[in-house]
Protein chains: 2
Amino acid sequence: MPEPLLDLLWRNRADVPVIRRRGPKARHSTTDVVTLAIDLADEDGLGAVTIRALAQKLELTPMSVYTHVNSRDDLLVLMADQAHARMTPTSFARSAWRTRVRRVADDNLALLKEHPWLLDLDDPRTALGPGTIAKYDRELHAFDGTSLDDVARDAALTFVLDFTRATAARIVVRPATGEFGELWEQSVAGLVAYLGDDLPLAQRVGRVAGEAMGGPYDAERAWQFGLARVLAGLADLEGIDPAPLVD
Amino acid sequence: MPEPLLDLLWRNRADVPVIRRRGPKARHSTTDVVTLAIDLADEDGLGAVTIRALAQKLELTPMSVYTHVNSRDDLLVLMADQAHARMTPTSFARSAWRTRVRRVADDNLALLKEHPWLLDLDDPRTALGPGTIAKYDRELHAFDGTSLDDVARDAALTFVLDFTRATAARIVVRPATGEFGELWEQSVAGLVAYLGDDLPLAQRVGRVAGEAMGGPYDAERAWQFGLARVLAGLADLEGIDPAPLVD
DNA sequence: TAAATCTCTGTACGTTGTACAGTTCAATGT
DNA sequence: ACATTGAACTGTACAACGTACAGAGATTTA
């Protein structure tokens, strides 16, 4: 039986590693397993990460996968932590907090674009992993030099990351083409008939926003809109807002 | 075979209803089916909404459920729309936009507390339903009298709702007690050992934020923090911000 | 009365996670 | 040297899921 999740998460520790195990050597390392699982998820989403598919990639039988992880849920946590650990953050250099926060948001958006399946994953145990904790620490430093106390600092970071995640979800999952597109258009046509002249505001705004969404520039625009709101909201908290130096 | 999803969503229309169907009368209305499905979800989450469980509640065989809905996915969309339709919004009265936006956020938080499963549901077809569209229209009106154009109005509402959803997700899903609690404490104990003295900022902030989260007041505090940021961010957009009248 | 078209049923299939009982093999204790 | 231990791996099997498909029975329409 594999080690508990916590130990698997921290498997790259310098401590206590080299107790030669008995039995045959494992054909794959834990990292191999997790990496291949991430490949599956990157290609076809979390749904494609089945024990059987993973076993095939590893050239093992399905049940042998359980030699390496205790359950599929544990595997997903390991995947998330590895993704967080492998993230390559933009340096904060000597920039003002606004710029640093912007970098945090941009980096997280990039992360979620690269690994959209992270959006479908919400296991609190992810917070136990070294990759996730290191990311948390790094991003907390974005607020260095501000007047935020510890609780506010955590809340502010959460605020930024929640925004990023929500917007990423809207940017990233865009099938919207192919034969699904036709079905959608049909539905919208029928919808117009049902709506008639009711709810004019919703119709007008929905149409405008929908058209804008068709264009390639809107995802970016929504992102900039929201990010500017986030920064303004946080600046308000600062009271006296040091003029952005690098923006 | 049941009608297409769009027609099921709009089944309460005054138009075209009374064409007497042939065969036997259905033992349940579509609304019955959806209501019972919502009951299941309210009690035990979306995972409890299985065709078989629903069939049992309806005193039908599993396959008979498909007389009323085309698929489980369609059912979920119907559930979401009904939840939106049954929402009882707080009146805007004659309040300032800040107050109105606050009401929108509060109402949505209440909705998500009542139906946490809405957090697990992300089918774009929900936007086709009358309940959802009416909600969209009502909430867009929160920005009446501001300088926002249509695109910005949609973006602003999205911004508020995304924040609400993210915070609700953190507030609502709190098992955290029972025997799971022990397992968690064990993990945290082990985690402390692994962490040692590394990442002091993450440790300090994480501890403080974590302790605050234990207390009953913090969920509320995070909510107020974020909501204040959202309002400040939007106020910034307004440029000249009319003093809040009712706050 | 016959045809059409509904509701509802029973059986069955494919896919999923994974429990359980082995088999094989390398390191350890004697 | 040899038995013991424990780890890696395998094969079979089960329960739960969504739902395809073929029909049975009821009720309206021609």
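We name chains A, B, ... by the order of the sequence lines, and we start the count at 1 in each one.
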Among residues at least two apart in sequence or on other chains, which ones pass salt bridge (Lys or Arg N to Asp or Glu O under 4.0 Å) with [X]?
{"X": "B:Arg125", "result": "B:Asp74, B:Asp123"}
{"X": "B:Asp162", "result": "A:Arg170"}
{"X": "A:Glu3", "result": "A:Arg21"}

Please write out the pairs of protein N or O atoms and N or O atoms of nucleotides 15-17 of chain C separated by less than 3.5 Å, giving the distance to one decimal.
residue	atom	partner	partner atom	Å
C:dG17	OP1	A:Arg72	NE	3.2
C:dG17	OP2	A:Ile51	N	3.2
C:dG17	N7	A:Arg52	NH1	2.8
C:dG17	O6	A:Arg52	NH2	3.2

Could you give the CG-to-P distance, from B:Leu46 to D:dC17, as a whole number of Å? 14 Å
Show me the donor-acceptor pairs, under 3.5 Å and distance only, between side chains in residues 58-65 of chain A and residues at least two apart or in other chains.
residue	atom	partner	partner atom	Å
A:Thr61	OG1	A:Ser64	OG	2.8

Pairs touching residues 186-204 of chain A that satisfy salt bridge (charged side-chain N to carboxylate O under 4.0 Å, His left out), sequence neighbours left out: A:Asp198-B:Arg13, A:Arg204-B:Asp150
Test side-chain contact (heavy atoms from CB on, under 4.5 Å) applied to B:Gln82 - qualifying residues, sequence neighbours left out: B:Arg11, B:Thr31, B:Val34, B:Thr35, B:Ile38, B:Arg86
Mind checking side-chain contact (heavy atoms from CB on, under 4.5 Å) for B:Pro89 and listing every partner two or more places apart, or none if nothing turns up? B:Asp107, B:Arg138
Only counting residues at least two apart or in another chain, list the ones meeting side-chain hydrogen bond (donor to acceptor under 3.5 Å, both in side chains) with B:Tyr66. none
Any donor-acceptor N/O pair, A:Thr132 side chain to A:Leu128 backbone, under 3.5 Å: no
If we fit an axis to the first five pairs and another to the last five of the helix from C:dT1-D:dA30 to C:dT30-D:dA1, what angle do they make, to the nearest 10°? 10°
Contact state string [nucleotides 5-10 of chain C, B base, S sugar-phosphate only, - no protein heavy atom under 4.0 Å]: BBSBBB
Sequence neighbours left out, cut at 3.5 Å: what donor-acceptor pairs do the side chains of residues 40-54 of chain B make with other protein atoms?
residue	atom	partner	partner atom	Å
B:Asp42	OD1	B:His115	ND1	2.7
B:Asp42	OD1	B:Trp117	NE1	2.6
B:Asp42	OD2	B:His115	ND1	3.3
B:Thr50	OG1	B:Ala53	N	3.0

